[in-house]
Number of protein chains: 2
Amino acid sequence: MSSTMFVDRTAESGGGAVGDASTELPVPPWRKPRKSGRSAAARRPLTRELIVEAALRVLDAEGLDAVTMRRVAQELGTGPASLYAHFANKDELLEEMLDLIAAEITLPEPDAARWQEQVKEVAREIREVWRGHRDIARASLGTIPTGPNQLRIAEGQLAIMRAGGVPPRIAALALDSLGLFIDADVIEGAMMGEKGATNEEAHANVAVYLDQVRQYFTALPAERYPNLVAMVDELMRAGDDERFEFGLDLFVRGIASHARGIVSG
Amino acid sequence: MSSTMFVDRTAESGGGAVGDASTELPVPPWRKPRKSGRSAAARRPLTRELIVEAALRVLDAEGLDAVTMRRVAQELGTGPASLYAHFANKDELLEEMLDLIAAEITLPEPDAARWQEQVKEVAREIREVWRGHRDIARASLGTIPTGPNQLRIAEGQLAIMRAGGVPPRIAALALDSLGLFIDADVIEGAMMGEKGATNEEAHANVAVYLDQVRQYFTALPAERYPNLVAMVDELMRAGDDERFEFGLDLFVRGIASHARGIVSG
DNA sequence: ACCTGAACACCGTTCAAGT
DNA sequence: ACCTGAACACCGTTCAAGT
């Protein structure tokens, strides 16, 4: 309940539609534009919120590399210079995009008895939300959370671990390491499926690429790389959810062992 | 011994010096350039090796963002188009840079009795070599190793774990997860110190930035973020070696527990 | 205060033309 | 076969000028 307090999903209204009834009617040719060549989308004055939402639309449709000041401005029917009245630079825009996305993440009420499972739940939740927005994790990796929603999530993760009896030093280190691991996992996953506009195209491309890699590894000289060649099948399972669950389990076991001095199993 | 077989350190000769005796003498003004305005560096015909070495020089001096086809070409006294006779695109150049850097990594002979410590040793070695080349880890994260030196390292890691009795499936998952963690750690570390040409400048900038972050966290409303505020000191230790050792220890304990069914301690 | 056109100093990549 | 100048279609950011 209280965990959704700060959630803001305005970005999902997107698409530029004014209301439910407006289903992209053609503009009557006799109605001239009010002043100059401005597009309909540019009518409303710019705000930070409108800009972030436009950037998010570009991200979801085309990936982080497509999120340029020029492309976002185009989405709003204006030029790149106009954005600098609201954001000092592109990094500031990326930060706000990341926090708006972080708003989608919901947290459980800390339950001391279930803290290990809850740490995993939150990690999976962060991963899924990140994965829902292409390669946004690239903007998260290596940054210190400062936005309200990123702070809310960090606070929630710490609360769960502290409730479970994890000492402060261990909880802090775990928060940090786990964040690195989640971001890295999502970035790897996004890189695999980055080509191809549609999801089907991306899936097909990944399959073709992985098959080429498998052939390459199989053709490697076995006397030089005996383990690599022998373990092709195990190695090719990368990118799967299995890798993430494996690493996640390692982390939580380890945190628990640090918390209580010995592993319970 | 055999681990250094493929090592190639030619990149470290760098700087454009021809031999030990040539200590940057001024060019006599009466000696006209041989044909046109070509610089001395451009005299030798281009090869893939010369290009990769030039790119590595730019990387070490200015970071990965400075490694552009134009900047590398400039380093060689030519134009960007010339590089495309030797590399299909920038990604191919980055791959070869990464593999040349990976050549610096040395591996221990697998010792079944010490496999856990050896896994850690190799992880630390990879981290140190990556850290020695700015943010090159950004080019490693999310890519499948294909170059000879990257393959050599993966093979070595697998050999150590297999010698220690780690089952193939676990070894493959661990290799993958550990790679993600190392790359992410180095990227985070590099982002912290990315500003400032000299190391002293970078260090000073990081200190200033971290102090600002500390103040920001301390000023946060304690009723909303009780754990974050209470744990500022623990959280600010990020980027330190402690975080890496913590995560590394988690991984190795976890691998061992998967290998033998239960943790020995 | 907010917005804009034009410019500055860059990108990766291509291609016809040279040797 | 290798190299090049020039061009194409982009970048982030600044700034004087407009409203």
Side-chain angles (χ1 to χ4, degrees), chain A residues 33-55 58-59 61-98 135 138-139 191 194-195 197, chain B residues 33-55 58-59 61-98 135 138-139 191 194-195 197:
Chain A
R34 264 233 256 189
K35 276 246 156 144
S36 65
R38 282 171 145 187
S39 77
R43 205 80 49 82
R44 302 197 292 297
L46 289 178
T47 63
R48 282 174 77 96
E49 225 185 346
L50 282 172
I51 294 169
V52 175
E53 288 169 21
V58 176
L59 168 71
E62 302 169 46
L64 194 61
D65 281 336
V67 180
T68 67
M69 298 304 263
R70 293 174 127 88
R71 182 72 186 72
V72 173
Q74 189 195 65
E75 190 77 8
L76 294 162
T78 183
S82 302
L83 307 185
Y84 288 87
H86 299 90
F87 290 94
N89 50 45
K90 190 181 171 182
D91 274 352
E92 207 177 283
L93 173 58
L94 287 176
E95 257 184 55
E96 202 141 315
M97 288 174 69
L98 192 63
D135 47 352
R138 279 169 50 199
M191 285 195 72
E194 80 185 334
K195 306 294 179 199
Chain B
R34 265 235 255 190
K35 276 246 155 138
S36 63
R38 278 171 148 188
S39 75
R43 206 79 50 81
R44 306 196 291 297
L46 288 179
T47 63
R48 283 176 75 97
E49 226 185 344
L50 282 173
I51 294 169
V52 175
E53 288 169 20
V58 176
L59 169 71
E62 303 170 43
L64 194 60
D65 281 335
V67 181
T68 67
M69 298 303 264
R70 294 174 128 86
R71 182 73 186 71
V72 173
Q74 190 195 64
E75 190 76 9
L76 294 161
T78 181
S82 302
L83 307 184
Y84 288 87
H86 300 89
F87 290 95
N89 50 45
K90 190 183 170 180
D91 274 353
E92 209 177 284
L93 173 58
L94 286 176
E95 257 183 56
E96 203 141 314
M97 286 173 70
L98 191 63
D135 47 350
R138 280 170 50 199
M191 285 193 72
E194 79 185 335
K195 305 295 179 197

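Naming: A, B, ... by sequence-line order, numbering from 1 per chain. Please read these numbers as outputs of a predicted model, since none were measured by experiment.
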* **Atom-pair distance (CG on A/Asp65; P on D/dG12), nearest Å** => 10 Å
* **Candidates C/dG12, D/dG12, D/dA6 - which lies nearest the side chain of B/Tyr84** => C/dG12
* State which of D/dG5, C/dC11, C/dT4 makes the closest approach to the side chain of B/Arg71. => C/dC11
* To do: For B/Thr68 and B/Lys90, work out which heavy atoms get closest and say how close.
  => CA-NZ, 4.3 Å
* To do: Please determine, for the side chain of B/Pro80, which listed nucleotide (C/dT13, D/dT13, D/dC3) has the closest atom?
  => C/dT13
* Asked: Looking at D/dG5, D/dG12, D/dC15, which one has an atom nearest to any side-chain atom of B/Ala81?
  -> D/dG5
* To do: Give the nucleotide from the list C/dT4, D/dT13, C/dG12 with an atom nearest to the side chain of B/Arg70.
  => C/dG12
* Asked: Is a side-chain donor or acceptor of B/Arg48 paired with a backbone partner of B/His86 at a separation under 3.5 angstrom?
  -> yes
* Look at the side chain of A/Thr68 and decide which nucleotide, out of D/dC3, D/dG12, D/dA7, has an atom nearest to it. => D/dG12
* Examine C/dC2: is either OP1 or OP2 under 4.0 Å from a nitrogen or oxygen in the side chain of A/Ser82? Give yes or no. => no
* Considering just the side-chain nitrogens and oxygens of B/His86, establish if one lies under 4.0 Å of OP1 or OP2 belonging to D/dA1. => no
* Separation between the P atoms of D/dA9 and C/dA9, rounded to whole Å -> 23 Å
* **Atom-to-atom span, CG of B/Asn89 to P of C/dG12 - whole angstrom** => 11 Å
